[in-house]
Undergrad: 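Take a look at the following structure, please.
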Amino acid sequence: LRKWYTEVQEAPEVGAKKRVVTLTTDFGTDNWFAGSMKGVICGINPGTEVIDISHDIPKHDVRKAAFILLNAYSYFPEGTVHVAVVDPGVGSERLSIAAASGNHCFVGPDNGVFSFVLGRDEGVRVVSLENRRYMLKDVSGTFHGRDVFAPVAAHLTLGVDLSELGPPLESWVRLEASRPRHLGDRELVGHIIYIDHFGNCISDVSRKDLGELSGGEVPKRVNIRIRDGVVRRISSTYADGSAGELLCLFGSSGYLEFAVNRGNANETFKLSEGGEFILKIL
Amino acid sequence: LRKWYTEVQEAPEVGAKKRVVTLTTDFGTDNWFAGSMKGVICGINPGTEVIDISHDIPKHDVRKAAFILLNAYSYFPEGTVHVAVVDPGVGSERLSIAAASGNHCFVGPDNGVFSFVLGRDEGVRVVSLENRRYMLKDVSGTFHGRDVFAPVAAHLTLGVDLSELGPPLESWVRLEASRPRHLGDRELVGHIIYIDHFGNCISDVSRKDLGELSGGEVPKRVNIRIRDGVVRRISSTYADGSAGELLCLFGSSGYLEFAVNRGNANETFKLSEGGEFILKIL
Amino acid sequence: LRKWYTEVQEAPEVGAKKRVVTLTTDFGTDNWFAGSMKGVICGINPGTEVIDISHDIPKHDVRKAAFILLNAYSYFPEGTVHVAVVDPGVGSERLSIAAASGNHCFVGPDNGVFSFVLGRDEGVRVVSLENRRYMLKDVSGTFHGRDVFAPVAAHLTLGVDLSELGPPLESWVRLEASRPRHLGDRELVGHIIYIDHFGNCISDVSRKDLGELSGGEVPKRVNIRIRDGVVRRISSTYADGSAGELLCLFGSSGYLEFAVNRGNANETFKLSEGGEFILKIL
């Protein structure tokens, strides 16, 4: 978790006076939804800094929100409270939850949006949000972001303990992560799981996956076939490629991604989310 | 006004050290407009927190900005200064104003953008911005957001009184709010006034309007006709509906809205802003 | 540089406790890129306020980012650190730089993105970012915004001196600014360099350029021809024009711009970036 700290920087203390709340939603930005959540938070704890991760998650795309949160959360200081509101089931029987894991807190619907940030940790604590004392007085049936999650997050930054918010949960909704499939000793099928703003196509093959396949180091020679494209080496940066060449490299998320130097891999090679590729160690 | 506070939370004091300025504009986010306003504000009062409500109001749509501000402002702590810059008449004879109402302040053009937040309060004070001391040295004819409204807002957070900004105004521009029309004792015509990011269609029928029509409680049985859709009950949440069913419920703004559970009422039923519907109590 | 301060306001001290970091990128807002930069910054210096100028610069458009930064930066308090990440060459041989100029700091790739903010000042200091102590422990080959520029900016707000970041540079990449071309004593060819959100078309003709041509004051009578439009005077505000009339005025950036009162000059007159016009003093 502390991987990102610079050499100079000590890890910030949990409970330091200024606390950060992040927001990840599918609300868009042409309305009052995110703004009213921020108003509630800074009304309850004026010492909080609210930082947008994104309000432009595709509507109701819980899996995408979960992946984006995974890529962002660990860069925030410990003690940060991450609120995620991609919530197609608002008003239904789905639970509302708060969780603590690795010195980060998470608040939102129990629909899998925290699958990838909670999934890997033994010391995870999750509670069901039931104590009305920490919600707005009137809780609407349609906007829990403002009426439940924002005030709960603000109270967490004030030092309210998870146990005050409601009873502990033994289980919660998890989405299954996409995983590469082994075809043979030195061959696997990977999947494109996210296409970024620049058309880079991020796969589900981690550095560890490739290391296991090759028996250690990143392999020198590979054969990767994806639609009409073939890639024969793992590059280090986008700049390794000549114009229009399809590249494969480990991106900033730690997963193998397809890219074109100063170009758009997605458009040029017509890759799509969910698409498969075959990777062979030579 | 204090309706939103949680049980635990006391209302924040006006004049508490950290003050919030909100921004609501039609500037978009691909330019320097909102950023330079924020620079001016935090240059004048580094203790201010600037929070975006929206920069994606449709260009020159003063009425929409007024509605969005109405839905957001009361969730911010008292003492907040709300700046709205949807200003097709910048540089014309239109006045610039600041107003105080219910422990919130408002700064912007006198073009109706504060119609719905100022309209309901007896103790409203409004002044015409004329004192150049609280504006930037050079006031352009084309960007009052940066040169007039941002510095005035920042000075308000520093404790400058409204009366120092300019002379009081007895009247200011108000837009007429859309209102339902009574057809008979137990029947009315309502209007769609806002279609939100998820396709939910918010009407001008408030909980009070419906209570008056039905003689108190939310009625059990209704008949609502809108284009090809018919609704026969008032739901509590989006989750009340079966797949593709048109629902009618009181949304988080307190107005009756049309929705489809996990769907898009606007697209499915081709509703549009300004469109009418007939609601009958059975 | 201090032009914007109000009469009441003294210039803020450099090194005052609260420091501002601005972000200007082409990352878009539907992902974790800007959010993770903010997390890194507030993790290293929780006392920093991070303000977005824009994340919607057209992809890889370094010149546009440079122009937007030029229009925004001087409105921020002295001591602000401006980070710009429009970086098509990430991972290539291009240098990473930090610069100080006029009591503002700048951090980003050495690709010309600071051309217009550094170009005018004799006292500019620029260093090449080489000291790994001020970067994240693992520097990816694809996301220097998060791994290099964000942590360097945060350390600058903590008082780290430029000289600690790396060796000084004598030269750095500069884009050539668009400039009007003289046709004769009282005639020039100008160029549209930026079309704003409202369709106003900003040119490369400054107030000074026009003053030099006319021998002092803004001229009373001119003849400006641009595509099918003709303009015969310099207006003061958008409100000077009748409906649909093409106007020419000095906008808030200090450059001559084409506009239509409550309309869209770009759409109505089909102007485009790079397009020329002829301006004659009568």
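FYI, side chains are in, hydrogens and waters are out, and symmetry mates aren't considered; it's all heavy atoms of this structure. Here is how names work: the chains are called A, B, and so on, in the same order as the sequence lines, proteins then strands, and each is numbered from 1.
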Undergrad: If you tally heavy-atom pairs under 4.5 Å against chain C, which of Ala150(B), Ala34(B), Cys42(B) wins?
TA: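 Top option by heavy-atom pairs under 4.5 Å: Cys42(B).
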Undergrad: Testing the basics here: between Glu49(B) and Glu49(C), what is the closest heavy-atom pair and its distance to 0.1 Å?
TA: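 Looks like CA-OE2, 4.4 Å.
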Undergrad: Sort Ser140(B) into side chain, backbone, both or neither according to what part of it lies under 4.5 angstrom from a heavy atom of chain C.
TA: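 Contact with chain C involves the side chain of Ser140(B) alone.
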Undergrad: If you take all heavy atoms of Gly35(B) and Phe76(C), which pair is closest and at what distance?
TA: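 Minimum heavy-atom separation between Gly35(B) and Phe76(C): O-CZ, 3.1 Å.
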Undergrad: Looking at every heavy atom in both Arg262(C) and His60(B), which two are closest together, and how far apart are they?
TA: CA-CE1, 4.0 Å
Undergrad: Counting heavy-atom pairs closer than 4.5 Å to chain C, which one of Asp147(B), Val90(B), Val50(B), Asp26(B) comes out on top?
TA: Asp26(B)
Undergrad: As a test of understanding, state which of Thr29(C), Asp52(C), Asp56(C) forms a side-chain hydrogen bond (donor to acceptor under 3.5 Å, both in side chains) with Thr29(B).
TA: Asp56(C)
Undergrad: Counting only heavy atoms closer than 4.5 Å, note whether Ile68(C) contacts chain B via side chain, backbone, both or neither.
TA: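 Ile68(C) touches chain B through backbone and side-chain heavy atoms alike.
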Undergrad: Could you tell me which portion of Phe33(B) (side chain, backbone, both or neither) has an atom closer than 4.5 angstrom to a non-hydrogen atom of chain C?
TA: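 Contact with chain C: side chain only.
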Undergrad: Please determine, among His197(C), Lys64(C), His55(C), the option with the most heavy-atom pairs under 4.5 Å with chain B.
TA: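 Max contact count across the listed options: His197(C).
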Undergrad: Show your working on side-chain contact (heavy atoms from CB on, under 4.5 Å) between Thr142(B) and Leu249(C) and close with a plain yes or no.
TA: CA-CA 9 Å; Thr142(B) 58; Leu249(C) 76 174; 3.6 Å; yes
Undergrad: In Å and rounded to the nearest 0.5 Å, what is the CG to CD1 distance from Asn31(B) to Ile57(C)?
TA: 8.5 Å
Undergrad: Ignoring hydrogens and angles, tell me if any N or O in the side chain of Arg146(B) forms a donor-acceptor pair with the backbone of Tyr75(C) under 3.5 Å.
TA: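 Not confirmed, Arg146(B) side chain does not pair with Tyr75(C) backbone.
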Undergrad: Rounded at 0.5 Å granularity, tell me how far CH2 in Trp32(B) sits from OH in Tyr73(C).
TA: 14.5 Å
Undergrad: What part of Leu69(C) lies closer than 4.5 angstrom to a heavy atom of chain B: side chain, backbone, both or neither?
TA: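 Answer is neither: Leu69(C) stays 4.5 Å or more from chain B.
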Undergrad: Check each atom of Asp196(C) against the heavy atoms of chain B and say whether the ones under 4.5 Å are side chain, backbone, both or neither.
TA: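 Side chain of Asp196(C) only, per the 4.5 Å heavy-atom cut-off to chain B.
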Undergrad: Roughly how far, to the nearest 0.5 Å, is the OG1 atom of Thr237(C) from the CD atom of Glu93(B)?
TA: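 One gets 9.0 Å once the value is rounded to the nearest 0.5 Å.
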